[in-house]
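Following: one structure in structure tokens, then a few remarks.
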Amino acid sequence: MAYAKTSMRAEKRALREKMRAMGLGYPEIAAELARRYRFRPRAAWREAYGWSLKEAAARINARSGEVGLDPGGIAAMTAAHLCEHENWPGLGPEPSGRRPTPYLLALLAAVYGCAVTDLIDLADREHLPPADLLILDKYSHTQDGASRQAAAGTASQPATSPPASAARATGEAPGASVGFPAIPAPETTQYRDATVSLASLHVAYRWSQEPFWGGSWIGREVEMAAHDGSEHAERAEQRDIGDSTLGQLRSDVVRLSHDYMTGEPFALFQEMRRVRNRMYAALDRRLWPRDETDLYLLLGCLNCLMACAADDLGYPHASEELIRAAWAYAVAIGHGPLKAKLRADLANVAYWRSRPLQARSLAESGLQYLSGGPNAAQLHLKYGRAAAKLGDADTARRAIGEARDARELRNDDDLVQLGGEFGFSRASQQYLAGSTLLEITDAGRDAIAELECATELYAAGPEEGEHHSFELRMLAHIELAVARLRAGELDGAKSALHPVLALPPGKRIDPLPQRLDMISTELARSRYHGSPQAAGLADEIEDFGRDTIVGALAALPG
């Protein structure tokens, strides 16, 4: 392929030299190149001079700066963008590439020394807006024959060097031979005549009050402001991500949220990280504001899921860091329900790390962002559980009632629609109520009632629109066993623990052996001394703790 490209390049160069030797000018060369190689008009004119895309882009930028259109080079042309402008509208049923504006076509006409209408064909006219065609056709009539005469310069006329600014832009020394015919330098009368209309189109009106296609100088200001707005809008409507990609990323988050309910956390954590990397890459593209908002929400949700998985794997500090990362995205888009969810998760980490005062404060702050619905109920319960741990039984019982009321309130929590970890089932609400009562002295029987109800709901399966959490289900069984041991019901405790102790190692997440320590503490009380059943249950718990996912991961080579 490299040989074929080289041969074609040499073939085009030979054609240009032959036609110049015959006295033909750039218009004829461009026409022959378009016919022979099926170039679009803009590409044909560039090829007539023998310029690469990069070389032509440099000359366009240089000319734009010389006439005062872009003195700072802010909107510099690139080879890639020029290629898209040349190929627009493409060959498909829908336009593709970059639509050239009247301003750009006028600039190209100045650089190539041709009329604006020489740079468009029927395909362009079929897709250009009527307003653009009106401008182009009117502008083309204002040009005299000087531009065509400059472009059609015969071979007997010596080719001049490219403008010094263009030479600098392409890395050439002024006046150096570049191996192809160059357009006349801007100092020549012909070149100035060819470009004066460009200057008057977008620049000269600022210091001239001559009529502009029949209007006053005020009309010119209005027209040019409209064109500027059109060009900026064209850039604004460009987008490097599609709805299908955003839909897939959202689908990935929903899938991972659902899978987290029952899956093994380490494999899920790796998949979450892969999806998050895709989102990071998407944020580096050109996006519409709503696209960025959607991605920020999905990133916040994904970091939230990764925080839950990190905590399951025994890395609470990493979990807190991931929650803070998710919080940054939630704050950036002002998403109250996500803020509430993150406060609930952080309160949970604080509670199980023996920081009940912080847990209560976090849960209380979460209620500022969400007043009703299942996740608001969860915040009330986490507030009440922390209060119970601090010895405030009345507040804890009141929180259980407020959670029931909050669940029935109408809410705008769009996270619930994602499902999985972002919901909160009735079974989980019963579990958390029982867990709260378990912290209150003399509330053992009430705790047993709530926890038994929770385990029955888990066993019956989720209600419509709900998802059951494997982790909370296992915790409900552990805490039911604790409550029964405190009531002296050893057989009942052993029965409650059966689903937990039967778990495979890959699902023995970090919170479970931690909670099982509560069972060991109860079995060590005097009432169970000398009991073979109690000793056997203690041995089973010890064996469970030896073979967990945390231990398995720790044993892997670094």
Could you go step by step and tell me if T395 and R398 meet the side chain to side chain contact (heavy atoms under 4.5 Å, CB included) rule? CA-CA 5 Å; T395 297; R398 188 163 55 250; 3.3 Å; yes
Electrostatic pair [X]:[Y] at N-O distance under 4.0 angstrom:
X    : Y    : result
R290 : D294 : no
D311 : R353 : yes
D252 : R255 : yes
D124 : R40  : yes
R426 : E408 : yes
E450 : R404 : yes
R546 : E542 : yes

Classify the side-chain pair H335/D414 by whether it contains a donor and acceptor separated by less than 3.5 Å.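 Indeed, the side chains of H335 and D414 share at least one donor-acceptor pair under 3.5 Å.
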Is there a donor in the side chain of R98 and an acceptor in the side chain of H81, or the other way round, less than 3.5 Å apart?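 Yes, because at least one side-chain N or O of R98 sits under 3.5 Å from a partner of the opposite role on H81.
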Between [X] and [Y], which heavy-atom pair has the shortest distance, and what is it?
X    : Y    : value
S428 : Y458 : OG-OH, 2.8 Å
L338 : G300 : CD2-CA, 3.9 Å
A454 : Q430 : CB-CB, 3.7 Å
A347 : A363 : CB-N, 4.0 Å
P356 : L390 : CG-CD2, 3.9 Å
A57  : A79  : CB-N, 4.0 Å

For the atom pair [atom1] ([X]) and [atom2] ([Y]), what is the distance rounded to the nearest 0.5 Å?
X    : Y    : atom1 : atom2 : result
I509 : L313 : CD1   : CG    : 8.5 Å
I519 : E479 : CD1   : CD    : 9.0 Å
L512 : D517 : CG    : CG    : 11.5 Å
K341 : L415 : NZ    : CG    : 8.5 Å
D413 : N375 : CG    : CG    : 5.0 Å

Please check if the number of heavy atoms outside [X] that lie under 6.0 Å from its [atom1] is greater than 12.
X    : atom1 : result
R274 : CZ    : yes
R527 : CZ    : yes
H317 : NE2   : no
K339 : NZ    : yes
D442 : CG    : no
R355 : CZ    : yes

Please answer whether the main-chain N or O of [Y] pairs with a side-chain N or O of [X] as donor and acceptor at a distance below 3.5 Å.
X    : Y    : answer
H258 : L418 : yes
R515 : P511 : yes
R250 : L298 : no
S257 : E421 : yes
S495 : D491 : no
D510 : Y315 : no
T293 : P289 : yes
R285 : I241 : no
H380 : A399 : no
K507 : T262 : yes

I want to check something: taking the side chain as every heavy atom from C-beta on, are [X] and [Y] in contact at a cut-off of under 4.5 Å?
X    : Y    : answer
V416 : F422 : no
K382 : Y351 : no
R273 : Q270 : no
D446 : I440 : no
L490 : L523 : yes
S361 : L357 : no
M261 : F470 : no
L497 : I478 : yes

Test salt bridge (Lys or Arg N to Asp or Glu O under 4.0 Å) applied to E321 - qualifying residues, sequence neighbours left out: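 E321 satisfies salt bridge (Lys or Arg N to Asp or Glu O under 4.0 Å) with no other residue.
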Between F39 and R46, is the side chain to side chain contact (heavy atoms under 4.5 Å, CB included) condition met? List the steps. CA-CA 10 Å; F39 286 139; R46 175 177 57 79; over 6 Å; no
Could you point out which residue of I400, N348, L438 forms a side-chain contact (heavy atoms from CB on, under 4.5 Å) with R385?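 The single option meeting the side-chain contact (heavy atoms from CB on, under 4.5 Å) with R385 is N348.
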So is R42 actually on top of W88's ring, under 6.0 Å and inside 45° of the axis?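 So R42 doesn't make the cation-pi contact.
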When you look at R486 and E439, which way does the salt bridge (charged side-chain N to carboxylate O under 4.0 Å, His left out) test go after all the steps? CA-CA 12 Å; R486 290 177 181 175; E439 296 289 350; over 6 Å; no
